[in-house]
Enquirer: 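This structure is in structure tokens; I'll ask about it shortly.
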Amino acid sequence: MIYPIIPKPQKITAGDTVVFTLTKYCEIKGAERFPEAVSSLRKFLDESFSLELLGSGRETITLGLSDEIGSEEGYTLSVKENEILIRGKTAAGVFYGIQTLKQMLMYGELSLCSAEITDEPAFPYRGFMLDCGRYFFTKEAVFTFLEIMALHKLNHFHWHLTEDQGWRFYSDNHPLLTEIGSYRSHTNFNSVPHSGYYTKEDMMEIVDYAHSLHIKVIPEIDTPGHTVSAIAAYPFLSCFDRNMVTATGWGVKYDVLCVGKESTFDFIQSVLDEVTEIFTDGIIHIGGDEVPTERWRLCPHCQKRMKDEGLREESELHTYYLDRIGAYLRSKGVEVIMWNDRVKDYMPDSSLCWQFWNTDMDKNDISGEIKKGRSFIISPEKAYYLDLPYGLVDLKACYEYDPYIEGITEESRHLLKGVEACLWTEFVPDMEKAGYCLFPRLGAISESAWTKKENKSFQDFSERLEGYYKHIKAINLNYATAKQALPEGIRKTASRLYWERRRLCWGGLGNVITNKQIEKKYGKKEK
Ligand code: ACM
Ligand code: ZN
């Protein structure tokens, strides 16, 4: 029997005769030591088979720990006559063994052939990013995303909580951030207002639930760009104290935080103080992507900062800002991740971790950073941005992208912490569209995250998709069919053209006009 498990275990052998059939009488031994793994199995059996385990029968599932397993998250799984044994080095390993078992039970409709599995992850960091700034996803929806992550053996939830179009983190110190900044008057799709934010209780519940699924939560407070919602709430955060409304449409905005004023640092640091209290995993993503310098060029505060700090270009203000915020968090014992936009610039903070997203990641940039000993995560837009249509990022491109990018040597491999799938939501308003975007591409990325390169094959992955779809359907999620995920010819072109329509709602022209008005009012600085 071939078990269509995604991500594929490193080693699996299976017989052809059924030796184990799960009935409600199956007993779980060691259940009390691994409550999270057991509740994940019980939830699956209830949802997919309306089955509640009562115990005391002939069949047993035994859970336990074993020192013989090398990897912290590794496990072994063995299916024998009326008996399943799952051993992990840690509780996380047992939990992953259960995720594998869920897929086997789904495929075999509760009847299993004998099998021996030895498994461990390729990377310690296996991420999924959800953008809740553009579209708000309820707490319950976030729970569903976390469950999906666990099924795919992903272990870092990167939660993009702030955007031009919506601020979702409730702050006691600065309540207008959500009172004003969580609301936008309309969206890319229609003229209906959109809003929503997470209370501290919501976020704590989400963190607790994630931990029960062996997932760490990395909140992203994206600054100094992508901050129109914050500026709408507190205009003093911007250059020229601009009165704005939360952004409604797509595109990079020119209004960013003023890096000249000390009050900006006081404000963001006080928000981050609150963030560190809620998110206890000690990792924060500080964003840092897509920061136009137009306002800084004209702002007297920013110009004074440049002079005082001996900065030659406005772009160096961007680096100055990130370095200072990064150092602040580090002083509180927090690990810092940021997008790779400033990678070419001199960044004194040595302990940060880059998240590479640009298509044009240059091997020189990467090897330069490697020489400095900085770690990084790979999430290239051309392969791992799952909001992009299948005509731009098809299943094969997504699967075959090699995270061991040029510039990584054998000695520096440890600096590549792992990979991350990103779901931006400018054009993903709900779970239905999210499901279509994610499945089956999330399966492909999870395989690059978990399965070692030598055990990967697109052909083999494609053959396992049928079983994968069975699972996705059983949990009532939408998906793209294998044909939709690999469009060809006219369908591919149509998919690309459809995507390009988004440029119609890009604020490009508006940016140019506003910039001219500001230049007129405040005078164009001679460089
Ligand atoms: C990004 O896609 N702007 C990180
Ligand atoms: Zn300024």
Side-chain angles (χ1 to χ4, degrees), residues 127-131 133-134 158-165 218 220-228 230-231 234-242 244 247 250-265 267-268 285-309 311 314-318 320-322 324 337-343 353-361 376-388 392-393 420-428 502 506 515 518-519 521-523 525:
F128 169 67
M129 189 213 76
L130 178 66
D131 167 14
R134 271 51 178 261
H158 170 181
W159 198 7
H160 190 80
L161 279 168
T162 65
E163 256 309 332
D164 294 309
Q165 295 82 1
I218 304 169
E220 179 181 351
I221 303 296
D222 190 1
T223 62
H226 291 279
T227 43
V228 171
I231 293 169
Y234 295 99
F236 74 83
L237 290 172
S238 65
C239 300
F240 312 113
D241 293 12
R242 302 248 302 136
M244 307 190 72
W250 185 83
V252 175
K253 313 296 178 202
Y254 282 24
D255 286 285
V256 300
L257 300 185
C258 175
V259 174
K261 295 181 214 166
E262 270 310 290
S263 53
T264 302
F265 290 90
F267 185 98
I268 294 301
H285 200 302
I286 60 170
D289 58 322
E290 298 180 319
V291 186
T293 54
E294 269 74 5
R295 300 286 181 270
W296 294 347
R297 196 162 61 81
L298 300 172
C299 170
H301 300 286
C302 287
Q303 290 300 314
K304 178 163 186 315
R305 173 80 71 195
M306 282 178 67
K307 196 153 167 260
D308 293 350
E309 297 294 332
L311 309 176
E314 277 77 15
S315 59
E316 291 176 30
L317 274 177
H318 185 175
Y320 168 86
Y321 174 86
L322 293 175
R324 207 171 139 182
I337 305 180
M338 64 179 93
W339 300 108
N340 70 297
D341 295 45
R342 298 310 305 158
V343 92
C353 172
W354 294 114
Q355 181 166 5
F356 281 98
W357 70 277
N358 304 82
T359 304
D360 55 354
M361 282 185 295
F376 51 97
I377 294 157
I378 299 287
S379 56
E381 55 185 335
K382 66 178 177 193
Y384 289 179
Y385 272 22
L386 300 188
D387 54 313
L388 295 186
L392 278 171
V393 176
E420 184 169 293
C422 296
L423 187 66
W424 297 101
T425 59
E426 283 107 332
F427 297 93
V428 182
R502 82 201 193 287
W506 182 58
N515 210 41
I518 290 180
E519 274 178 2
K521 188 159 172 194
Y522 297 101
K525 284 264 172 331

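When a ligand or atom number is given, it counts from 1 through the structure's own listing order.
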Enquirer: For the CD1 atom of Ile378 and the OH atom of Tyr384, what is their distance to the nearest 0.5 Å?
Expert: 8.5 Å
Enquirer: Take the angle between the ring planes of Trp354 and Phe356 and call it parallel below 30°, perpendicular above 60°, tilted in between.
Expert: tilted
Enquirer: Gln165 and side-chain hydrogen bond (donor to acceptor under 3.5 Å, both in side chains): which partner among Lys253, His226, Glu426, Arg134?
Expert: Arg134
Enquirer: Between His158 and Trp339, does a ring-ring contact (aromatic ring centres under 6.0 Å, His included) hold up when you go through it step by step?
Expert: CA-CA 12 Å; His158 170 181; Trp339 300 108; 5.6 Å; yes
Enquirer: Does Glu316 reach the side chain of Glu309, with side-chain heavy atoms less than 4.5 Å apart?
Expert: no
Enquirer: Which protein residues have a heavy atom under 4.0 Å from ligand 1?
Expert: Asp289, Glu290, Trp339, Trp357, Tyr385, Trp424
Enquirer: Can you check whether Pro224 reaches Leu322 side chain to side chain, under 4.5 Å on heavy atoms?
Expert: yes
Enquirer: Hey, can you tell me if Phe427 and Trp250 have their rings parallel, tilted or perpendicular (30° and 60° cut-offs)?
Expert: tilted
Enquirer: Distance check, rounded to the nearest 0.5 Å: Leu237 atom CG versus Ile231 atom CD1?
Expert: 6.5 Å
Enquirer: Can the positive tip of Arg324 be found less than 6.0 Å from the middle of the six-membered ring of Phe265, inside 45° of the ring normal?
Expert: yes
Enquirer: Which N, O or S atoms belonging to the protein are less than 2.8 Å from the Zn ion (ligand 2)?
Expert: Cys239 SG, Cys258 SG, Cys299 SG, Cys302 SG
